[in-house]
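We name chains A, B, ... by the order of the sequence lines, and we start the count at 1 in each one. All heavy atoms count here, side chains included; hydrogens, waters and symmetry mates do not. Bear in mind the structure is a predicted one, so any value in this text is a computation, not a measurement.
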2 protein chains.
Amino acid sequence: MELIQVIKALSDETRLRILNLLYQGELCVCELEALLDINQSNASRHLNRLANARILESEKRAQYVYYRIDEDTLREYPFIKEILDNELVKVERCREDLNRLSQYRESGISCDDLKDGKLCFDS
Amino acid sequence: MELIQVIKALSDETRLRILNLLYQGELCVCELEALLDINQSNASRHLNRLANARILESEKRAQYVYYRIDEDTLREYPFIKEILDNELVKVERCREDLNRLSQYRESGISCDDLKDGKLCFDS
DNA sequence: TGACCATATTCGATTATAATCATATATTAT
DNA sequence: ATAATATATGATTATAATCGAATATGGTCA
């Protein structure tokens with residue numbers, strides 16, 4: 001059942017955190033690594049799982065792969081949107097992640113700079 | 001995260017089928033066994049998992065344990081209701097289960113009679 | 001009381017999932 | 001070309017989920 005694949009894809013904290021960030025707009029893999037403080041391999045695998053369930057789509061631009069939420073799937077499964085809109089805001093960890101994202105956006109740093117360790121968060 | 005426990009509890013076909021039936025009203029364990037054609041130990045385990053996530057509540061009456069959906073939890077997590085209302089109807093298996101439930105209701109058979117094999121479904 | 005029945009729980013085997021480390025591939029930059 | 005970087009993918013290990021069969025528990029009824 002495809003529905004179950006979708007629900008399973010949502011049943012992991014890291015993947016919910018990824019969706020929470022991407023709900024604000026697309027990000028590349030290395031940005032997600034830095035923002036969520038997870039290693040490259042984990043990031044890639046979780047992203048792959050979400051993309052397999054068609055919750056995410058990806059696009060390669062230059063050396064980076066950008067992931068974003070698949071809007072068609074959101075429309076097909078409105079409960080996903082429900083979770084994104086109403087549940088994740090209740091989760092402390094997800095609110096912190098959004099703060100980090102804001103800091104990152106405001107800093108003007110691009111993902112080209114991430115490797116230089118220019119990104120450091122308060123928390 | 002409690003949210004993840006809830007989502008995990010929903011990420012299994014048998015458990016979704018159980019919820020689909022109980023959404024029509026409470027049933028005891030042996031009725032669910034017969035309607036879903038699953039064995040006793042599986043029925044009990046899946047029910048327990050749903051009850052642990054507080055998606056179900058149970059009540060013992062005479063020798064039977066009746067399970068029903070916990071309405072408070074439905075209100076707390078509206079996405080569950082979304083799934084029950086909009087997703088399960090799309091699932092062939094769940095529609096078949098509802099047919100069986102109708103037959104069962106119309107037959108006038110009670111769960112006291114189930115063990116005698118009085119219940120037999122078309123499909 | 002004792003036999004029976006509905007349900008829960010344990011056990012062992014199997015499979016799925018997640019994390020980590022190492023390596024492969026492909027793109028960019030020099 | 002060569003080196004460096006971003007991402008994906010094996011291989012391995014640890015942990016959790018699932019299932020069927022058997023057993024335990026606790027209530028019911030003769």
Just how far, in rounded Å, is P of dA16(D) from CD1 of Ile7(B)?
19 Å

Of dT7(D), dA17(D), dT9(C), the nucleotide closest to the side chain of Lys8(B) is dA17(D)

Contact under 4.0 Å: Arg61(B) side-chain N or O vs dG27(D) OP1/OP2
no

Given atom CZ of Arg49(B) and atom P of dT9(C), what is their separation to the nearest angstrom?
15 Å

Answer yes or no: does a side-chain N or O of Tyr64(B) lie under 4.0 Å from OP1 or OP2 of dG26(D)?
no

Whole-Å distance separating the CD atom of Glu33(B) from the C1' atom of dG20(D):
14 Å

Is any side-chain heavy atom of Leu27(A) less than 4.5 Å from a side-chain heavy atom of Tyr66(A)?
no

Is it true that the NZ or CZ of Lys90(B) lies under 6.0 Å from the centre of Tyr77(A)'s six-membered ring and within 45 degrees of the ring axis?
yes

Regarding the side chain of Lys60(A), the nearest nucleotide among dT7(D), dA17(D), dT27(C) is dT27(C)

Closer than 4.0 Å, any side-chain N/O of His46(B) to the OP1 or OP2 of dC19(D)?
yes

Phosphate-side-chain proximity, Asn42(B) and dG20(D), N/O vs OP1/OP2 below 4.0 Å
yes

Heavy atoms only, 4.0 Å cut-off, all strands: where does Asp12(B) land among base, sugar-phosphate and nothing?
sugar-phosphate

Interatomic distance, Leu50(A) CG vs dT17(C) P [rounded to whole Å]
13 Å

Under-3.5 Å donor-acceptor pair between Gln40(B) side chain and dA6(C) base
no

Would you please confirm or rule out a distance under 4.0 Å between OP1 or OP2 of dT20(C) and any side-chain N or O of Asn39(A)?
yes

Nearest-Å distance, CG (Leu56(B)) to C1' (dT7(C))?
15 Å

Just call it for Gln63(B): base, sugar-phosphate, or nothing, with non-hydrogen atoms closer than 4.0 Å on any strand.
sugar-phosphate

Please determine whether a side-chain nitrogen of the Lys or Arg among Asp97(A) and Arg100(A) lies less than 4.0 Å from a carboxylate oxygen of the Asp or Glu.
no

Check the distance between dT15(D)'s P and Ile4(B)'s CD1 and give it to me in whole angstrom.
19 Å

For Ser41(B) and Ala62(B), find the nucleotide of DNA chain D closest to each by heavy atoms; which residue's nucleotide sits nearer the 5' end?
Ser41(B)

At 4.0 Å (heavy atoms only), tell me whether Tyr66(A) reaches a base, stays on the sugar-phosphate, or touches nothing.
nothing

Answer yes or no: side-chain N or O of Arg45(B) and base N or O of dT10(C) forming a donor-acceptor pair under 3.5 Å.
yes

Arg15(A) near the nucleic acid: base, sugar-phosphate alone, or nothing, with a heavy-atom cut-off under 4.0 Å?
sugar-phosphate

How many whole angstroms separate atom CG of Leu32(A) from atom P of dA6(D)?
14 Å

Side-chain donor-acceptor pair under 3.5 Å between Glu59(B) and Tyr64(B), yes or no?
no

Answer yes when Arg54(A) and Glu76(A) have at least one side-chain N-carboxylate O distance shorter than 4.0 Å, and no when they do not.
yes

Using atom CD1 of Ile38(B) as one end and atom P of dT7(C) as the other, report the distance to the nearest whole Å.
12 Å

Do the side chain of Arg95(A) and the main chain of Val89(A) share a donor and acceptor less than 3.5 angstrom apart?
yes

